[in-house]
Amino acid sequence: MEKWHHKNNQIVGDNMPEMPEVETVRRGLNAQVKGCKITHVEIRYQNLITGDVEQFVEFVTGSTITNVDRRAKFLLIHLDNGYTIISHLRMEGRYRISADPAAIDKHSHAIFTLDNGQKMIYNDVRKFGRMQLWNTDDLDDNRSIAKLGPEPLSKGFTFDKLKPRIMRHRKDIKTVLLDQSVLSGLGNIYVDEVLWKVKIHPETSANHLSDKDIQNIIEASNQEMKAAIASGGSTVRSYIDATGHKGNMQNSLKVYGKEGTPCPRCGTEIEKIKVGGRGTHFCPKCQVIK
DNA sequence: ATGAATGTTAGCTA
DNA sequence: ATAGCTAACATTCA
């Protein structure tokens with residue numbers, strides 16, 4: 001990890017975020033850059049931008065950030081000119097607000113100069129993250145946004161909506177819960193946590209779930225997201241929020257990264273397997289395929 | 001030291 | 001429409 005203790009070097013993003021981590025980034029950005037005018041834009045990695053890079057720079061330059069919103073794991077940076085920057089951090093994207101030139105390194109792919117002397121720096125070691133400019137009024141027409149299923153803690157996250165969306169699949173439930181078009185916001189950490197909580201084996205076929213299972217998944221997802229947001233996200237590898245503090249949710253994780261340690265519920269060793277290509281943690285005794 | 005692993009998504013193919 | 005696999009990329013770990 002780099003040194004994060006630069007004075008004047010505020011970190012707003014963490015790597016590898018799920019919804020609670022993105023929410024934490026959103027709050028940090030609102031606290032620090034809301035109302036700021038973007039006086040200059042530099043895109044150092046052209047593939048960061050989906051669409052025309054020159055147009056992105058042209059339209060963003062001179063605009064003012066009115067608010068930062070979020071839909072699932074997408075940040076929506078609203079500008080006062082009718083456009084919104086749709087920003088996805090993917091695996092390792094992060095924002096840093098700093099006036100210190102040392103905050104910029106070889107992994108800084110977009111640099112937004114603000115009228116308060118700070119720079120909003122987008123950093124992304126693996127270069128998976130993407131940004132895209134879109135008409136604020138037509139965000140629902142954006143392909144990435146349009147296909148998102150209901151997200152936990154939102155109005156549409158109900159049994160009636162979720163049941164048919166989940167049950168039409170016969171893939172592993174873990175894979176289905178990670179599919180953002182079925183329901184959105186959950187990622188690899190929290191899906192493992194949710195399935196442990198409701199005692200469902202990650203390789204259970206989605207169409208074999210009972211109504212009670214679905215209801216339990218909904219409740220556990222809401223609880224998990226709420227707790228994770230309240231904790232400022234999970235710091236599994238590294239994490240510092242907008243005010244320089246770590247998240248706390250990693251201390252509450254029961255199975256993610258806990259392979260070889262006893263299940264907090266029954267004492268059986270947590271196992272790690274691969275499901276749908278993703279590392280998957282579960283208790284072989286609590287979570288059995290029916 | 002090679003291969004596998006890493007909080008993700010989009011885009012192909014069948 | 002659904003399922004499964006691959007790519008995008010850099011770094012760390014076994």
Side-chain angles (χ1 to χ4, degrees), chain A residues 1-2 13-25 44-51 70-75 86-94 105-109 122-132 142-149 151-152 164-195 203 205-207 221 224-225 227-229 231-241 246-250 252-253 255-260 272-281:
Chain A
M1 236 25 252
E2 304 167 53
D14 172 33
N15 47 353
M16 310 180 203
E18 295 184 39
M19 189 264 252
E21 290 74 27
V22 177
E23 174 62 17
T24 305
V25 171
R44 297 183 166 192
Y45 176 60
Q46 304 295 297
N47 286 343
L48 169 65
I49 307 298
T50 299
R70 180 187 59 75
R71 178 75 171 88
K73 305 176 198 172
F74 290 87
L75 284 169
I86 303 173
S87 169
H88 200 297
L89 308 175
R90 294 279 181 96
M91 293 289 266
E92 302 205 18
R94 62 178 61 164
D105 64 18
K106 65 174 176 174
H107 300 303
S108 304
H109 306 311
Y122 177 75
N123 249 37
D124 190 343
V125 169
R126 290 181 72 184
K127 299 180 177 170
F128 284 177
R130 292 291 179 268
M131 287 184 202
Q132 184 172 13
N142 178 270
R143 302 235 322 244
S144 301
I145 303 287
K147 71 180 178 199
L148 292 172
E151 65 176 280
R165 301 179 79 94
I166 292 174
M167 296 292 281
R168 71 163 173 254
H169 296 277
R170 54 200 147 118
K171 291 185 282 191
D172 303 329
I173 183 59
K174 158 127 185 184
T175 304
V176 172
L177 294 181
L178 283 176
D179 184 340
Q180 303 293 299
S181 70
V182 176
L183 76 176
S184 63
L186 293 184
N188 206 36
I189 291 180
Y190 298 119
V191 164
D192 283 4
E193 295 297 312
V194 165
L195 289 176
E203 288 175 305
S205 190
N207 58 344
S221 299
E224 195 68 19
M225 292 298 95
I229 290 168
S231 300
S234 294
T235 300
V236 172
R237 284 163 72 179
S238 67
Y239 181 85
I240 300 178
D241 72 7
K246 290 183 176 182
N248 294 314
M249 192 59 191
Q250 69 281 0
S252 304
L253 299 179
V255 288
Y256 185 87
K258 306 288 189 186
E259 60 271 29
K272 182 176 182 186
I273 59 173
K274 199 139 225 174
V275 179
R278 309 297 302 276
T280 299
H281 316 72

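We name chains A, B, ... by the order of the sequence lines, and we start the count at 1 in each one.
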**Asked** Using atom P of each nucleotide, how far apart are B/dA1 and C/dC9 to the nearest Å?
**Response** 25 Å
**Most 5' of A/Gln180 and A/Arg126 on DNA chain B, judged by nearest nucleotide** = A/Arg126
**Asked** Is there a donor-acceptor contact under 3.5 Å from the side chain of A/Asp172 to the main chain of A/Lys174?
**Response** no
**Asked** Separation of A/Ile86 atom CD1 from B/dT9 atom C1', in whole Å?
**Response** 14 Å
**Message:** Nearest whole Å is fine: how far is C/dT6 C1' from A/Met91 CE?
**Reply:** 15 Å
**Fill in**
Of the listed B/dA5, C/dT11, B/dT8, the closest approach to the A/Val125 side chain comes from C/dT11
**Asked** Looking for any heavy atom pair under 4.0 Å, which part of the strands does A/Tyr256 touch: base, sugar-phosphate only, or nothing?
**Response** sugar-phosphate
**Message:** Using atom P in both nucleotides, what's the gap between C/dC5 and B/dA5 to the nearest angstrom?
**Reply:** 15 Å
**Request:** Report the nucleotide, chosen from C/dA8, C/dG4, B/dT8, that has the shortest atom-to-atom distance to any side-chain atom of A/Glu18.
**Result:** B/dT8
**Asked** Is any side-chain nitrogen or oxygen of A/Arg278 closer than 4.0 Å to OP1 or OP2 of B/dT8?
**Response** yes
**Request:** When you get a sec, tell me which of B/dT8, C/dA10, B/dA5 is the closest nucleotide to the side chain of A/Lys272?
**Result:** B/dA5
**Prompt:** Of all the choices, C/dA3, B/dT9, B/dT6, which nucleotide is nearest to the side chain of A/Glu92 once you look at every atom?
**Reply:** B/dT6
**Asked** Between A/Lys73 and B/dT9, is there a side-chain N or O to OP1/OP2 distance below 4.0 Å?
**Response** yes
**Request:** For C/dA8, take OP1 and OP2 only and decide whether either is under 4.0 Å from a side-chain N or O of A/Tyr45.
**Result:** no
**Request:** Have a look at A/Arg170 and say if it touches a base, only the backbone sugar-phosphate, or nothing, with a 4.0 Å heavy-atom cut-off.
**Result:** sugar-phosphate
**Prompt:** Can you tell which of C/dA3, B/dA10, C/dT11 lies closest to the side chain of A/His107?
**Reply:** C/dT11
**Message:** Taking C/dT11 as the reference, what is the distance to B/dT9 when you measure between their P atoms (whole Å, please)?
**Reply:** 23 Å
**Request:** Can you measure from CG (A/Leu195) to OH (A/Tyr190) and round to the nearest 0.5 angstrom?
**Result:** 15.0 Å
**Message:** Less than 4.0 angstrom between a side-chain N/O of A/Lys274 and OP1 or OP2 of B/dA5, yes or no?
**Reply:** yes
**Prompt:** A/Tyr122 vs A/His109 aromatic rings, parallel, tilted or perpendicular, using cut-offs 30° and 60°?
**Reply:** tilted
**Asked** Looking at the side chain of A/Lys106, which of C/dT11, C/dC9, C/dG4 is the nearest nucleotide?
**Response** C/dT11
**Request:** Before accepting this row, confirm whether a basic side-chain N of the pair A/Glu21/A/Lys73 lies closer than 4.0 Å to the acidic partner's carboxylate O.
**Result:** no
**Asked** Using a cut-off of less than 4.0 Å, is there contact between a side-chain N or O of A/Lys127 and OP1 or OP2 of C/dT11?
**Response** no
**Asked** Roughly how many Å is it from CZ in A/Phe128 to P in C/dA7, rounded to a whole number?
**Response** 12 Å
**Prompt:** Going from OG1 on A/Thr24 to CE on A/Met19, what distance comes out if it is rounded to the nearest 0.5 angstrom?
**Reply:** 10.5 Å
**Message:** I want to check one thing: is the phosphate of B/dA10, taken as OP1 and OP2, less than 4.0 Å away from some side-chain N or O of A/Lys147?
**Reply:** yes
**Complete:** One should read off an interatomic distance between A/Ser205 OG and A/Met167 CE, to the nearest 0.5 angstrom, of 9.0 Å
**Complete:** Side-chain contact check for A/His169: nearest option of C/dT11, C/dT2, C/dA8 is C/dT2
**Prompt:** Looking across every strand, which nucleic acid part, if any, lies under 4.0 Å from A/Thr175 by heavy atom: base, sugar-phosphate, or nothing?
**Reply:** nothing
**Asked** A/Gly277 near the nucleic acid: base, sugar-phosphate alone, or nothing, with a heavy-atom cut-off under 4.0 Å?
**Response** nothing
